[in-house]
Amino acid sequence: MSRIHESQSGALPFQPEGEGYRPRPRRGFWETGLSLAAMLGTWTLASPVHAEPTGPVAFCEAYPSSPDCLGGLTTCSTCHVSTDPPLWNTYGASLIPLVGGQDFDGNIVAAMASVEDFDADGDGEPNLEEILVGTNPGRADSLWQPVPDPDGENPWYELDGYDPKVAYRRAKVLYCGSSPTYEELESFRALPEDSKREALHEALAVCLDGEYWRGQGLAQLGDKRIRPVFSVGAETQVVFSGLRLVLADYEWDYRLWRYILSDDRDMRELLTAQYHVEADPMGGLTPVDGPVPNPLTTPLGGGQPLESEHRAGMITTQWFLMSNTMFSDLPRTTAAQAYRSYLGMDISSQEGIIPVANEPRDVDHKGVAAPACAQCHATLDPLAYAFAYFHGIEFPGTGTYDATRPGNRMVDWNPDVHQTIVLGEPVSSVAEWGRVAAESSYFRRAMARTLFEHAVGRNVGPEDYDDLVDVADTMVEDGHSANRLIHRIVDTAAFGAP
Amino acid sequence: MKTQRIIFPGVAILAASLAFGGCGDDDGTEPEAPAADEVAASTRNNLVWKRYNVIERDLSRALELAPEELCQELGTFGCIREAHLVTLGGHDPIHQGLYEPLAEPLVTTSLALDRIALSACRVRVDLDRTTPVVFTALDLDGPAPDAESEAFSQTVESLYRRLLSRDPLATEVDVIADLLVDEQGGRVSSADFAQLACFVVTTTTEFLFV
Amino acid sequence: MHHSTRFSRRGWMAGLGGTLGAAAGGLWLNPRRVFADEGDPNATTDPAERRLLFVVCATGGASIIDSFLPVAIDEVPSGVDAGSLNAYPTDLITQPTGSNIRGVLPVPDTNFLTPGYSIAEFLGAHYADLTVVAHDVTSVNHQVAQKRALTGAGIDRGRTIAEAVAARYGLDLPLANCNMATEGYVTPGDDASLPVAARSEIIADPRMYAMSTHGSRGQLAAPATDVLARARRIREGLEEVSPFGLTYRDAPLRQRYLNTRSEISPQLEAMDAITKLMLLPSDAIPQNLGVSPSPLGDAMRTVLPGVDRDNWHQQGALAFLLSYYGLSCASTISLRFDPSFDGDAIVGAPLAFDFSHQSHRAAQNVMWGRVLQVVDGLVRLLKEYDYLGDPALGKMWDRSLIYVASDFGRDKVRPAGNDGFGTGHHLNNGSVLLSPLLRGNQVFGGVDPATLLTYGFDGRTGEADPNVTIREGEVYSVIAQALDVDFPGRRDMSGLLA
């Protein structure tokens with residue numbers, strides 16, 4: 001009997017569905033002959049089958065409560081060892097006889113349902129079990145066992161649950177930038193048990209409002225999104241033709257990032273803000289309306305030239321457009337970096353593959369319609385179209401909007417054909433791109449995951465998915481505040497259980 | 001004076017930590033604890049690595065030294081923010097293009113921490129000769145105190161409170177007492193004891209992970 | 001944190017209980033065998049069998065047709081506008097007597113960049129050892145492409161080639177895999193099953209790194225060695241009785257740290273790595289610290305004259321020293337987007353090879369020279385010195401392979417007749433390898449003079465074949481096969497082997 005979990009239309013599928021979502025103790029389970037054959041390493045087949053980029057979407061429609069699908073999409077590696085050339089793992093290989101030669105999209109769900117009870121990779125866990133836990137059903141080395149209960153007593157740590165002292169120490173380290181003093185810890189220990197949580201959150205609030213977190217702590221979380229390069233930033237020492245090689249100033253990006261992630265502001269503004277942020281003389285941050293004039297008397301970068309109506313937060317700063325679009329006609333890198341940074345899906349790793357029909361159209365004739373390329377570019381190119389209206393490096397005009405840019409650069413450009421699609425939804429501008437993205441479960445999961453992984457000091461694993469889901473689920477009611485999210489994270493067992 | 005080294009926790013009698021709940025002896029040590037094999041270990045085992053900036057602030061505060069006083073390499077380069085930044089969990093996005101800190105300590109992390117602790121502890125010891133701040137119970141110009149002395153227990157207590165924000169267990173005090181003497185059993189100088197006691201506490205995993 | 005593949009918690013737990021005491025040769029030679037070898041079944045610790053890899057990353061997009069596969073203008077077929085292709089005047093192309101490989105001479109106009117060592121000098125000195133491999137890449141995003149250049153686009157479970165070599169040959173070396181690179185080149189691979197010992201040791205400052213390899217020397221405050229050793233032993237005793245130590249005695253992160261501290265760190269100190277790797281000259285080291293420059297420091301300066309001021313040369317020097325002294329078997333070095341300076345004079349180019357966007361030929365010519373100067377230095381050193389200083393082990397060169405990685409190629413076209421033009425990123429390119437383990441003085445593949453696009457070859461025979469496209473996985477396989485590193489899915493590239 002199929003136990004495919006039906007998605008709840010329109011709903012954010014963060015709610016675990018029934019008992020099947022909870023990890024079960026490992027049990028012995030012997031697969032049928034079909035799975036045995038798959039387990040014996042049939043990775044390549046002579047039959048004419050291909051990698052199907054619609055697979056991830058189909059998988060998540062079938063299993064919306066799989067951790068990979070909660071505010072995210074599974075990747076091609078669920079079934080594949082490689083997509084070019086197409087090679088399958090044991091789970092993928094077990095599906096081939098069931099869909100090979102047939103309409104993939106019309107049959108894959110049923111095929112997956114039919115092998116749910118099998119153990120394709122022979123690791124002792126049925127496929128469905130692994131799917132719902134978040135391990136790979138096609139790889140025996142992808143397996144998870146529930147954390148066993150502590151054996152015995154510990155006089156210093158509350159091992160069987162949440163230990164407020166542990167959480168307090170960690171919170172101080174991570175968010176205040178220093179450990180609690182002896183006096184602080186003694187005072188905390190002396191509190192009644194039912195007061196410790198409140199005290200923890202009070203201390204956390206002070207930390208989040210402090211100089212360390214607002215400055216260094218938040219900035220470090222922004223590094224891989226902003227990707228500064230000193231030699232072309234505002235402080236560059238490179239001079240050529242009498243000009244300092246300032247292509248843009250990434251400090252605007254850092255200030256915007258820090259501003260939005262502090263003081264209970266709405267994180268969606270990372271993708272929707274039309275303002276910029278300056279540093280005030282007291283070291284604080286002050287929003288300013290754009291455009292911001294270039295402080296340099298050169299045609300190179302500086303300031304923030306983009307008109308407010310075209311702004312979409314972090315993905316339309318001059319630095320972001322300059323460093324990602326550069327000179328490209330169709331800014332795929334820009335779109336990919338936005339997708340990666342704020343929706344948590346790295347297309348270069350085959351994450352977030354949501355192919356659009358009749359794409360890629362290869363408007364700039366880069367050869368992306370080749371089968372090996374199209375697997376990803378059917379998603380990426382439609383994400384990028386809206387960015388084509390924004391200059392990358394342009395002297396003058398870096399990071400400005402130009403309605404004629406795509407047509408001037410790409411002879412085949414047709415705005416009626418080259419439709420921007422974000423998460424399956426058509427949009428008409430980067431501003432709209434940002435709004436759609438910001439309202440999505442993918443954004444919430446990406447931001448929750450960022451702060452969660454920072455808090456626990458490691459990548460999220462199956463033991464964390466419940467906590468991650470729970471905190472991400474609260475973002476809407478919490479006004480998308482990073483601070484409130486951190487408070488929620490600090491309350492999780494992942495953070496506070498020793 | 002205790003000179004026997006306690007190596008195997010199964011053999012040692014551990015001090016129970018009621019201090020974590022609030023009860024401590026007057027000498028700052030903890031009551032007896034259950035035997036090691038009776039202490040439940042964590043099964044989640046999730047530890048967070050304390051990075052360079054927190055190490056710097058913790059040490060600076062604990063030893064009441066300015067960050068730039070803690071440690072230098074070759075007399076010129078700051079240990080924490082220059083010479084050993086990455087190995088202490090930092091990263092340089094702007095010049096090196098390292099956009100994320102490392103997930104785990106490197107091979108050289110413990111060595112870097114050793115260097116910083118040796119330096120910072122010695123700086124404190126030398127300053128305390130004229131203006132005692134941390135090692136107030138010690139005569140830094142004289143020999144190391146006796147293991148039964150208040151000077152010893154107060155020093156150990158002070159180090160634990162400053163560096164680890166707690167009181168030491170009796171068993172920990174016993175271990176540190178081994179630093180009062182050298183390999184041959186001869187009494188070391190008070191200054192050397194102070195530096196080494198500070199060093200060993202600073203470089204425990206408890207200081208580096210939380 | 002790195003977005004790792006899902007991994008086996010069971011595997012980790014099994015590994016922890018695995019091979020304690022499995023070391024042969026005692027603690028000194030095999031300090032890392034406390035944990036299970038999760039990697040190469042052919043892993044060896046025999047120095048006689050060890051191979052050495054040097055990955056030299058030409059950051060920003062080093063174009064093969066601007067170095068070792070140039071096309072002359074008069075080679076462009078009639079009917080094709082040679083002025084619109086990046087073809088060179090014949091008098092700018094050189095081919096030393098006996099060489100099957102051509103090179104580009106110094107170009108007359110290098111904009112404001114300062115030319116130094118040249119492609120021609122390198123070719124003249126090393127053509128016999130030079131292997132040029134024509135291939136495509138699969139991304140024109142810097143970071144993505146850089147990582148794929150080192151992972152073969154994920155062909156080997158996501159491992160970088162340096163990680164794979166370290167897993168094969170370096171499990172007993174204290175710093176088996178060292179990485180001094182930038183951006184995507186410094187990003188670890190994605191294989192969670194990689195042995196801990198094969199993970200990258202990241203080196204940010206080669207000049208200062210030696211100081212990190214000793215826990216006390218050079219610190220005036222340091223006690224005598226035996227005193228410190230005793231203190232460390234006492235510290236281990238503290239670890240065993242502390243509440244933290246008892247509670248987290250099974251924590252893998254802590255255990256790895258303790259193992260490294262007790263096994264690897266003493267090895268580094270005993271090997272006197274602080275001296276062997278010290279790149280600073282004696283007059284830069286205060287006399288009273290007990291720190292000495294490397295015995296090979298002057299030898300480094302002879303072949304890498306910029307060692308005292310240039311991070312790039314420092315990287316090359318350190319890479320050699322790490323291997324020579326038996327500390328490492330795989331090193332990765334890279335140009336940075338920040339140029340060096342010699343006083344006020346810029347050395348190299350801002351954005352490294354990516355300055356080709358602004359000034360293609362100048363950037364390519366100067367930066368290839370910059371890359372090759374370090375490669376030249378490495379080759380000279382490897383040929384001069386016996387491995388581990390032991391004549392019985394032969395010259396280091398005999399067991400070494402240098403891989404010059406590039407992000408991607410550059411556009412093949414230019415504005416008609418214009419010699420001062422900028423280029424964008426291009427998937428089509430080639431790489432340079434040097435090793436006695438490969439067929440030297442050879443180009444594998446070729447270049448179409450009508451388009452300047454390179455084409456591939458039959459990996460098994462080495463025969464050029466315009467119908468074959470070689471990509472990152474094949475390049476990775478060449479290196480792996482040459483160094484006898486096997487993995488599932490390795491392509492057969494026998495045709496390139498010596």
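Below, read A as the first sequence line, B as the second, and so on, with proteins coming before strands; counting in each chain starts at 1.
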Quiz prompt | Minimal non-hydrogen separation, C:Ala231 against B:Leu196, with atom names | solution = CB-CD2, 4.0 Å
Quiz prompt | Ion pair C:Arg235/B:Asp114, N-O distance below 4.0 Å | solution = yes
Quiz item: Would a 4.5 Å heavy-atom cut-off, applied to side chains only, mark B:Asn45 and C:Pro252 as touching?
Solution: yes
Practice problem: Give, as side chain, backbone, both or neither, the part of C:Asp338 having an atom under 4.5 angstrom from any heavy atom of chain B. | Solution: side chain
Quiz prompt | C:Thr182 side chain to B:Gln96 backbone, donor-acceptor under 3.5 Å | solution = yes
Quiz item: Between the main-chain N or O of C:Gln219 and the side-chain N or O of B:Gln72, is there a donor-acceptor pair closer than 3.5 Å?
Solution: no
Self-check item: Option in C:Gly218, C:Ser242, C:Gly245, C:Ala181 with maximal non-hydrogen atom pairs under 4.5 Å from chain B
Solution: C:Ser242
Quiz item: Using a cut-off of under 4.5 Å for heavy-atom pairs, which of B:His91, B:Glu104, B:Arg122, B:Glu73 has the most such pairs with chain C?
Solution: B:Glu104
Quiz item: Distance only, no hydrogens: is a donor on one side chain within 3.5 Å (strictly under) of an acceptor on the other, for B:Thr87 and C:Ser212?
Solution: no
Quiz item: Where on C:Ile203 is there a heavy atom nearer than 4.5 Å to chain B: the side chain, the backbone, both, or neither?
Solution: backbone
Quiz item: Taking only residues two or more places apart in sequence or in another chain, which ones pass disulfide (SG to SG under 2.5 Å) with C:Cys329?
Solution: none
Quiz item: Under a 4.5 Å heavy-atom cut-off, does chain C meet the side chain of B:Asp182, its backbone, both or neither?
Solution: backbone
Quiz item: What part of B:Cys121 lies closer than 4.5 angstrom to a heavy atom of chain C: side chain, backbone, both or neither?
Solution: neither
Quiz item: Looking at B:Pro105 and C:Tyr257, what are the two nearest heavy atoms and their distance?
Solution: CB-CD1, 3.9 Å
Quiz item: Which residue out of C:Leu228, C:Asp226, C:Val227, C:Asp205 racks up the most heavy-atom pairs below 4.5 Å with chain B?
Solution: C:Leu228
Quiz item: Which atoms of B:Ile94 come close to chain C, meaning under 4.5 Å heavy atom to heavy atom: side chain ones, backbone ones, both, or neither?
Solution: backbone
Practice problem: Could you tell me whether the side chain of B:Gln195 and the main chain of C:Ala221 form a donor-acceptor pair under 3.5 Å? | Solution: yes
Quiz item: Which bit of C:Ser200 is near chain B, if near means a heavy-atom gap under 4.5 Å: side chain, backbone, both or neither?
Solution: backbone
Quiz prompt | Atom group of B:Phe209 that falls short of 4.5 Å from chain C, counting heavy atoms | solution = both
Quiz item: Looking only at heavy atoms, which of residues 278-286 of chain C get nearer than 4.5 Å to chain B?
Solution: C:Leu280, C:Ile285, C:Pro286
Quiz item: If every non-hydrogen atom of B:Leu179 is compared with every non-hydrogen atom of C:Arg230, which pair is closest and at what distance?
Solution: CA-NH1, 4.3 Å
Quiz item: Considering only heavy atoms, which portion of B:Phe193 lies under 4.5 Å from any heavy atom of chain C: side chain, backbone, both, or neither?
Solution: neither
Practice problem: Using modelled atom types only, decide if a donor and an acceptor are shared between the side chain of B:Arg115 and the backbone of C:His214 within a distance under 3.5 Å. | Solution: yes
Practice problem: Check whether C:Arg261 gets within reach of chain B through its side chain, its backbone, both or neither, counting any heavy atom under 4.5 Å. | Solution: both
Quiz prompt | Region of C:Tyr185 that comes under 4.5 Å of a non-hydrogen atom in chain B | solution = neither
